[in-house]
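Written out below as structure tokens is the structure these notes cover.
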Amino acid sequence: MTDFRMGVLYKNGEQTSCMVAVIDMKAGFVAANCIDLNNGAPDTSTSYQVYFTPLLSFDGFAVDLDPNDITIHPNYNPVTYANNIAVVQYNNGTTDAYHTFIETQTFVGVTDVYTRWAFNQTSNNWTMPQVSTQVSDDSDCASGSALYSGNSVLTRCTSATLPSIENDACSMPYGIMFKEDSTNNIEVTHLYSHSVVYGN
């Protein structure tokens with residue numbers, strides 16, 4: 001997974017649990033609920049940055065985001081989290097031709113690869129990406145999320161977590177899911193959206 005460049009969203013100088021699926025060095029996807037809204041539009045009083053993971057010979061770096069360059073899905077519902085996606089555009093001044101493919105259809109017989117990157121602010125270094133292919137959907141998720149139960153083919157719901165690099169007593173969700181097919185093609189398929197609480 002170190003051959004892939006991903007991003008972590010910062011708000012007002014603080015790292016969030018929101019990962020950015022970097023499409024190329026001009027734009028990426030992030031969950032819409034990671035963005036502070038004001039009357040349905042990105043709140044211009046919030047400061048955003050994307051910290052990009054290192055890639056091969058390229059060091060990691062950060063770019064500022066102009067809230068005006070964040071596009072929220074027009075049908076995003078902040079109550080149900082339907083259409084929980086936004087596009088972030090940035091100008092990092094690089095000629096890096098990096099590109100990540102996005103899954104355009106639902107494949108069968110492929111491997112789900114759950115990942116998370118994080119920047120350790122104490123050591124000022126990126127952690128190695130945490131990766132798992134052993135994550136499966138929680139059979140009880142449908143009872144806790146109507147959104148998932150109505151879209152279980154296209155969405156994922158799991159109780160699998162990782163310890164936070166800043167405080168291992170806290171749990172973090174996996175941030176991005178890739179799919180790898182039999183020919184080793186890898187595409188971004190899912191972004192972490194939100195958590196639900198259900199059961200006793």
Side-chain angles (χ1 to χ4, degrees), residues 1-25 27-36 46 48-55 60-63 65 70 72-73 76 78 81 83-88 90 98-103 110-123 125-138 141 145 147-148 151 154-180 186-197:
M1 297 313 298
T2 55
D3 290 345
F4 290 84
R5 171 164 278 160
M6 289 292 112
V8 174
L9 185 72
Y10 273 61
K11 288 167 54 172
N12 297 323
E14 296 293 330
Q15 185 172 188
T16 71
S17 62
C18 302
M19 293 198 64
V20 178
V22 176
I23 306 311
D24 54 29
M25 299 320 295
F29 292 107
V30 69
N33 65 323
C34 295
I35 306 300
D36 295 339
T46 301
Y48 296 98
Q49 285 181 307
V50 175
Y51 274 59
F52 293 93
T53 60
L55 176 67
F61 58 93
V63 297
L65 289 181
I70 301 173
I72 307 294
H73 191 292
Y76 167 56
Y81 298 106
N83 304 304
N84 188 13
I85 194 76
V87 176
V88 294
Y90 35 78
Y98 178 80
H99 179 80
T100 302
F101 291 100
I102 301 297
E103 184 189 42
V110 297
T111 302
D112 293 343
V113 183
Y114 286 78
T115 64
R116 170 160 291 284
W117 283 259
F119 187 77
N120 191 318
Q121 293 171 286
T122 302
S123 63
N125 287 309
W126 284 96
T127 63
M128 286 295 291
Q130 296 168 290
V131 180
S132 176
T133 58
Q134 305 300 314
V135 176
S136 59
D137 279 15
D138 190 324
C141 278
S145 172
L147 186 64
Y148 170 75
N151 297 275
L154 299 177
T155 58
R156 294 290 181 267
C157 181
T158 179
S159 57
T161 58
L162 299 162
S164 167
I165 62 167
E166 301 290 347
N167 180 356
D168 59 14
C170 296
S171 297
M172 299 282 290
Y174 284 91
I176 292 180
M177 193 182 93
F178 294 82
K179 280 188 181 293
E180 180 180 12
I186 295 181
E187 300 176 340
V188 174
T189 62
H190 295 80
L191 270 173
Y192 170 72
S193 169
H194 63 284
S195 299
V196 297
V197 178

Quiz item: side-chain contact (heavy atoms from CB on, under 4.5 Å) with V30: which of L9, V8, N84?
Solution: L9
Self-check item: Trace of the side-chain contact (heavy atoms from CB on, under 4.5 Å) decision for L147 with T155
Solution: CA-CA 9 Å; L147 186 64; T155 58; 5.8 Å; no
Quiz item: What residues, two or more places apart in sequence or in another chain, satisfy side chain to side chain contact (heavy atoms under 4.5 Å, CB included) together with A21?
Solution: F29, I176, V188, L191
Quiz item: Do you know which two heavy atoms are closest between S193 and A31, and how far apart they sit?
Solution: CA-CB, 4.4 Å
Quiz item: To the nearest 0.5 Å, what is the distance between CG (N83) and CD1 (I72)?
Solution: 11.5 Å
Self-check item: Working for side-chain contact (heavy atoms from CB on, under 4.5 Å), residues Y48 and D36
Solution: CA-CA 10 Å; Y48 296 98; D36 295 339; 3.6 Å; yes
Practice problem: Could you tell me the separation between the NZ atom of K11 and the OG1 atom of T16, rounded to the nearest 0.5 Å? | Solution: 7.0 Å
Quiz item: Excluding sequence neighbours, so at least two apart, what forms side chain to side chain contact (heavy atoms under 4.5 Å, CB included) with T158?
Solution: Y114, V135, A160
Quiz prompt | R156 vs T189 side-chain heavy atoms within contact, under 4.5 Å | solution = no
Quiz prompt | Minimum-distance pair of heavy atoms, taken over all atoms of S17 and M172 | solution = CB-CE, 3.6 Å
Quiz item: Parallel, tilted or perpendicular: which describes the rings of F52 and Y90, with under 30° parallel and over 60° perpendicular?
Solution: perpendicular
Quiz prompt | Separation between OH of Y192 and CG of N33, rounded to the nearest 0.5 Å | solution = 7.5 Å
